[in-house]
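One structure is given here, and the rest of the page talks about it.
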Amino acid sequence: MATNKRKILLLPGDGIGPEVVGETKKVIDWFNKKKSMDFKIDQDLIGGASIDKHGKPITDEVFYKAQDSDAIIFGACGGPKYDNLEFSKKPERGLMKLRKELKLFANLRPAICFKELVDSSSLKPELVSGLDILIVRELTGGIYFGEPRGIKPIENGERKGINTHVYTTKEIKRIAKVAFELAAKRKNKVTSCEKSNVMEAGILWKEEVQALKDKEYKKIELNHMFADNCAMQLLRNPKQFDVILSDNLFGDILSDEAAMLTGSLGLLPSASLGEKDKNGRTRSLYEPVHGSAPDIAGKNISNPIATILSFSMALKYSLGLEKESGLLNKAVEKTLEDGLRTPDIMSKGKKKVSTSDMGDAIISNLN
Ligand code: IPM
Ligand code: MG
């Protein structure tokens, strides 16, 4: 079944990252043992963990390993300890370097409400049951990376903070194409979000997305929505959406919001995919949508499901193992059906379990 060794690099990072990636490693080991895969697992430091040891958020060595791997499983980065560091030395810069330099421009964030968890959502069950949204977020452009940027002194001893929101035709088309292609395999519906009422880059975004649709994706139903309206509509009637297409910053915000509709930020996986290189290979990084959650780190109470489902996305998108990905999703669903809950999704009558219990239960359901 397995072809030649595929390299998986684990970058647990900070906060709850090591716990949730630790449970995911157990799952990868299970696939090696029980499904005769020969995933070659390596693990290294990123973010604060790398700063503590090497004085920088990612070393060249780790970057080259990342470049050379078939899939990266990333945990989380950052924490209060690093709040006062100079910007270029912050833990998050490690992740930004990977996204930018591996050209991981397409960030897929599915928000799916598990049947078992409709009651964990802050919205009424009828609004979220059966919810299945895919957010396609542009990940290597926009205000996260635009120049000029910085903090500069101005007159009167005051300072000025500058960031630039910028997109080119090529960047917009590249991500819109991903959204259209994915929508074609779903409900053929894309909602593109921008603020074309106040931003020129938003006008360009809207025009280029529409032009691409008119030219190449006639069958797709495309709607344009202001990003603030989209935030509101996600709470009012989330099931109106199929694929949501957005830039880097709006996508960051809308995906946290969509995640919470499903009950917990602890459930949402994501995939960051690059363009094919000259050898036909696509770089990819998989990470939970949640952050490092320093307040609960080290307590064995975090929810490993988002990271385990991120590995499931890796099986599907990077390792060519769609069936195995389905198997893993089923094992997660079954574990929730069995009533097991980490504290973030706990509800009356269910069994409260730890991070490692949840991982073990998923593995026993794989068996
Ligand atoms: C995310 C995170 C990151 C982002 C942080 C950790 C830099 O919030 O992946 O959504 O803003 O992109
Ligand atoms: Mg975010």
Side-chain angles (χ1 to χ4, degrees), residues 11-18 20-21 45-51 56-58 66 72-83 85-111 133-146 149 163-165 167 171 175 193 227 230-231 234 244-262 264-274 283-297 302-303 306-307 309-310 313-314 344:
L11 297 175
D14 308 325
I16 60 173
V20 294
V21 172
L45 302 175
I46 194 161
S50 173
I51 294 172
K56 46 170 142 171
I58 185 168
I72 304 163
I73 309 286
F74 176 90
C77 64
K81 185 177 161 192
Y82 310 101
D83 278 353
L85 285 181
E86 182 203 311
F87 189 74
S88 66
K89 302 209 166 87
K90 281 189 183 294
E92 290 80 2
R93 299 325 294 165
L95 177 61
M96 291 303 129
K97 181 176 162 90
L98 287 178
R99 286 180 182 171
K100 187 70 178 174
E101 292 185 24
L102 299 181
K103 302 189 173 71
L104 307 174
F105 72 96
N107 185 217
L108 317 186
R109 300 192 158 185
I133 298 176
L134 178 63
I135 298 191
V136 177
R137 169 189 177 193
E138 201 290 327
L139 202 60
T140 53
I143 202 157
Y144 271 54
F145 296 98
R149 64 185 301 157
N163 290 93
T164 304
H165 177 74
Y167 273 107
E171 287 174 306
I175 191 69
C193 296
C230 180
L234 272 171
I244 295 178
L245 165 64
S246 75
D247 73 20
N248 205 344
L249 181 62
F250 295 142
D252 180 44
I253 297 166
L254 295 173
S255 61
D256 266 27
E257 190 189 355
M260 209 52 216
L261 298 176
T262 70
S264 166
L265 209 48
L267 295 168
L268 258 81
S270 82
S272 305
L273 310 175
R283 309 242 175 278
S284 57
L285 179 146
Y286 297 85
E287 61 174 310
V289 170
H290 63 69
S292 58
D295 50 323
I296 60 163
S302 59
N303 189 342
T307 315
L309 290 177
S310 297
M313 292 186 85
D344 57 310

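Hydrogens, waters and symmetry mates play no part in the numbers below; they use all other heavy atoms, side chains included. All ligand and atom numbering here is 1-based and tracks the order in the structure.
Residue-level check: among N/O/S atoms of Asp252, OD1 sits closest to the Mg ion (ligand 2).
Residue-level proximity to ligand 1 for Arg137 is carried by the side chain, the only part with a heavy atom below 4.0 angstrom.
Checked by distance only, ligand 1 and Arg99 come closer than 3.5 Å through their nitrogen or oxygen atoms. The shortest N or O to N or O distance between Glu92 and ligand 1 is not under 3.5 Å.
Annotation: atom 4 (C) of ligand 1 to nearest protein heavy atom, Tyr144 OH, 3.4 Å. Regarding atom 7 (C) of ligand 1, its nearest protein heavy-atom neighbour is Met96 CE, 3.4 Å. Remark: minimum distance from atom 8 (O) of ligand 1 to any protein heavy atom is reached at Asp252 OD1, 3.3 Å.
If you check the side chains of Asp14 and Tyr82, you find no donor sitting under 3.5 Å from an acceptor.
In this structure, atom 1 (C) of ligand 1 is in close contact with the protein, since a protein heavy atom lies within 4.0 Å of it.
Screening Asn248, Asn107, Leu245 for a side-chain contact (heavy atoms from CB on, under 4.5 Å) with Glu138, the sole residue that qualifies is Asn248.
Between Pro110 and Met313, some side-chain heavy-atom pair lies under the 4.5 Å cut-off.
Side chain of Glu257 to backbone of Met260: no donor-acceptor contact under 3.5 angstrom is found. The backbone N or O of Gly251 sits less than 3.5 Å from a side-chain atom of Ser246, completing a donor-acceptor pair.
By the 4.0 Å heavy-atom criterion, Arg109 is counted among the residues contacting ligand 1.
Using a cut-off of 4.0 Å between Lys/Arg side-chain N and Asp/Glu carboxylate O, Arg99 and Glu287 are scored as salt-bridged.
For the pair Arg137 and Tyr144, the cation-pi test (distance below 6.0 Å, angle within 45°) is passed.
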